[in-house]
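Below: the structure, in C-alpha cells.
Excluded from the calculations below are hydrogen atoms, water molecules and symmetry mates; all remaining heavy atoms, backbone and side chain alike, are included.
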Amino acid sequence: VQLQASGGGLVQAGGSLRLSCAPSGRAGSSYGMGWFRQAPGKERDFVAHITWSGDSTYYADSVKGRFTISRDNAKNTVYLQMNSLKPEDTAVYYCAAIVYGPSCLGSGCADRKIYDYWGLGTQVTVSS
C-alpha cells in the first residue's frame, strides 16, 4: 500500500486547510486510516482516525471541534478538514493505514504501532 498525502501549505491563524490521502496498491478500502503530525524536534503525534466504513472517528483532544476526518471510499480518499488553525498546528502531517491488524477502538487508535503503512507527509504551516 502506498499513501500519498496532499493539501498542505501556508495559512494564517484562524484559516482552514483540507488534507487528502489516497491509498494505492491494494484493492479495496477495508482498512482504518489515521492522521498524525510531527513538529520539529517533537515526536509524531496522533491527530485523528476513521474506521474503514467511516462510521466511527476518534480525535486527539488538541484538535477536537476544529478538525474533521472523513473518507470517500468511492474515490478511495481520506480527508482531514482543518479549521480554526493555530500556529501550534504547524507540523508535517502524515496519513497512515491499518491494513493487517484488527480494527482499533477509541484511544487505541492513537498508537502509532498499529499502523502498517505511512505516507511521506505534507507540510502545514500556520502563521500568527
Atom CG of L80 and atom CZ of F36: how far apart are they, to the nearest 0.5 Å?
12.0 Å
Find out if a path of hydrophobic residues (ILVMFWY) with successive side-chain heavy-atom gaps under 4.5 Å connects L105 to Y100.
no
Within residues 98-128 or reaching into it, pairs that qualify as disulfide bond (SG atoms under 2.5 Å apart) - sequence neighbours excluded:
C104-C109
Membership question, hydrophobic clusters at under 4.5 Å side-chain separation (ILVMFWY): are Y117 and Y93 in the same one?
yes
Above 12 or not: heavy atoms from other molecules or residues under 6.0 Å from CD of Q38?
yes
Say you draw a straight line from SG of C21 to CH2 of W35; how long is it, rounded to the nearest 0.5 Å?
5.0 Å
So how far is it from R71 CZ to M33 CE, rounded to the nearest 0.5 Å?
6.5 Å
For residues 111-128, which residue pairs pass the salt bridge (Lys or Arg N to Asp or Glu O under 4.0 Å) check, not counting sequence neighbours?
D111-K113
Qualifying disulfide bond (SG atoms under 2.5 Å apart) pairs with a residue from residues 61-93, counting only residues at least two apart or across chains
none
Would you give me the side-chain donor-acceptor pairs under 3.5 Å for residues 120-128, sequence neighbours excluded?
from, atom 1, to, atom 2, distance (Å)
T122, OG1, G8, N, 3.1
Q123, NE2, A91, O, 3.4
Q123, NE2, T125, OG1, 3.3

Apply side chain to side chain contact (heavy atoms under 4.5 Å, CB included) to the pair L19 and M82, showing each step before the final yes or no.
CA-CA 8 Å; L19 306 183; M82 306 185 295; 3.8 Å; yes
Under a 3.5 Å distance rule, please check whether T77 uses its side chain to pair with a backbone N or O of K75 as donor and acceptor.
yes
Identified side chain to side chain contact (heavy atoms under 4.5 Å, CB included) counterpart of Y59 within the set I69, I50, V47
I69
Tell me which pairs pass salt bridge (Lys or Arg N to Asp or Glu O under 4.0 Å) where either residue lies in residues 88-103, with sequence neighbours left out.
R37-D89, R66-D89
Nearest 0.5 Å, please: how far is OH in Y94 from CH2 in W118?
9.0 Å
The complete set of salt bridge (Lys or Arg N to Asp or Glu O under 4.0 Å) pairs with one or both residues in residues 42-58, sequence neighbours excluded, reads none
In Å and rounded to the nearest 0.5 Å, what is the CD1 to OH distance from I98 to Y115?
4.5 Å
Same cluster (ILVMFWY, side-chain, under 4.5 Å), L10 and L85
no
Would you check, one step at a time, whether the test side-chain hydrogen bond (donor to acceptor under 3.5 Å, both in side chains) holds for S16 with N83?
CA-CA 4 Å; S16 299; N83 299 328; 2.9 Å; yes
What is the distance from atom OG of S103 to atom OH of Y31, rounded to the nearest 0.5 Å?
13.5 Å
For T51 and S56, indicate whether the former's side chain and the latter's backbone hold a donor-acceptor pair under 3.5 Å.
yes
